[in-house]
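Structure first, then comments.
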Amino acid sequence: MKKITACVLIIFSFAASRAQTIAVYPTNWWVDMKNQKLQLMLHGTGIGNATGFTIGYPGVTMNKITKVKNKNYVFLDLTINASAKPGNVPVMVQGVPGVPLINYTLQARRTGKGTSFAQGVTSSDFIYFLMPDRFSNGDESNDRVAGMKDQSLNRDSI
């Protein structure tokens, strides 16, 4: 019994070590957006060596796969149609061991589409950029610094 348990643990640890995590950016998206185009960046060891990607989710279509020089990145251009519903979008990866499936999350937008919860821009969103060198000179001894190229400071001229 101990040998069987040890064998199962070894097989499980080997399988777990072969599986890799693929980072996806952006981490999620929303349905019913005005712009239906979305580009996903996938990052993981050797993900650029994949032979193909497949998406099987109603309302989501893959338009283009862009592979770059760095084999740890690949970009997927998607269209999220108005008919797409919130849920997990399965992205099937072919040709990369340990990465059979990536679940990408489509979320529902908040009600109001930005009108019921967004306050807009107010005066508190702005700061006044101060230029302290335009104020009166309190210490003329630090106007010219030795070793600096510009020694022509004259506050009497504009």
Side-chain angles (χ1 to χ4, degrees), residues 1-135 142 145 148-150:
M1 185 66 173
K2 289 182 181 180
K3 288 182 181 180
I4 294 173
T5 305
C7 288
V8 169
L9 286 175
I10 290 171
I11 291 171
F12 180 72
S13 63
F14 177 74
S17 69
R18 298 280 300 162
Q20 63 171 310
T21 302
I22 301 297
V24 182
Y25 182 81
T27 55
N28 65 281
W29 202 247
W30 298 269
V31 296
D32 199 25
M33 297 291 281
K34 184 176 181 180
N35 185 356
Q36 296 179 344
K37 302 292 182 188
L38 172 64
Q39 185 177 63
L40 298 181
M41 179 184 78
L42 306 181
H43 174 257
T45 305
I47 192 71
N49 295 324
T51 56
F53 297 88
T54 309
I55 291 182
Y57 194 80
V60 179
T61 55
M62 187 173 341
N63 303 324
K64 183 177 163 188
I65 300 168
T66 305
K67 294 184 178 183
V68 292
K69 197 177 227 182
N70 188 333
K71 296 299 180 187
N72 296 328
Y73 292 90
V74 69
F75 298 88
L76 307 178
D77 291 343
L78 309 178
T79 299
I80 313 295
N81 296 322
S83 63
K85 303 290 182 210
N88 286 328
V89 178
V91 180
M92 308 289 190
V93 181
Q94 292 91 30
V96 178
V99 187
L101 176 71
I102 299 168
N103 279 315
Y104 189 72
T105 304
L106 282 179
Q107 296 180 349
R109 288 182 66 184
R110 286 196 248 175
T111 56
K113 295 187 179 179
T115 58
S116 62
F117 57 86
Q119 71 177 21
V121 178
T122 66
S123 62
S124 65
D125 295 318
F126 298 100
I127 60 170
Y128 185 73
F129 183 63
L130 299 176
M131 292 184 273
D133 65 343
R134 302 293 181 237
F135 294 101
N142 64 3
V145 178
M148 299 296 286
K149 288 185 178 183
D150 186 13

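Note that the structure is a prediction, hence the values are computed from the model and not measured. Each residue takes its place number in the sequence, starting with 1.
Among T61, D32, L38, the one residue that satisfies the side-chain contact (heavy atoms from CB on, under 4.5 Å) test with I80 is L38.
A distance of 12.0 Å separates CG of N72 from CG of L42, quoted to the nearest 0.5 Å. Residue M33 holds its CE atom at 11.0 Å from CG of L106, rounded to the nearest 0.5 Å. Atoms CD1 and OG1, on I102 and T21 in that order, are 10.0 Å from each other to the nearest 0.5 Å. In this structure, K37 NZ and T79 OG1 are separated by 3.5 Å, a value rounded to the nearest 0.5 Å. The NZ atom of K67 lies 9.0 Å from the CD1 atom of I47; values are rounded to the nearest 0.5 Å.
Under the rule for a side chain to side chain contact (heavy atoms under 4.5 Å, CB included), the partners of M41 that lie at least two apart in sequence or sit in another chain are Y25, Y73, F75. For K64, the side chain to side chain contact (heavy atoms under 4.5 Å, CB included) partners two or more places apart in sequence, or in a different chain, are T66, D77.
Looking at every heavy atom in both residues, P86 comes nearest to A108 through CG-CB, 3.7 Å. The shortest non-hydrogen separation linking V60 to A84 is CG2-CB, 4.4 Å. When all heavy atoms are compared, the tightest approach of W29 to Y104 is N-OH, 3.5 Å. Across all non-hydrogen atoms, the minimal contact from A82 to Q36 is N-NE2, 3.5 Å. Of all the heavy atoms in P90 and L101, the pair that sits closest is CB-CD1, 3.5 Å.
A side chain to side chain donor-acceptor pair (under 3.5 Å) check over residues 49-58, counting only residues at least two apart or in different chains, returns the pairs T54-Q94.
Counting only N and O atoms by type, the side chains of N88 and T105 include a donor and acceptor under 3.5 Å apart.
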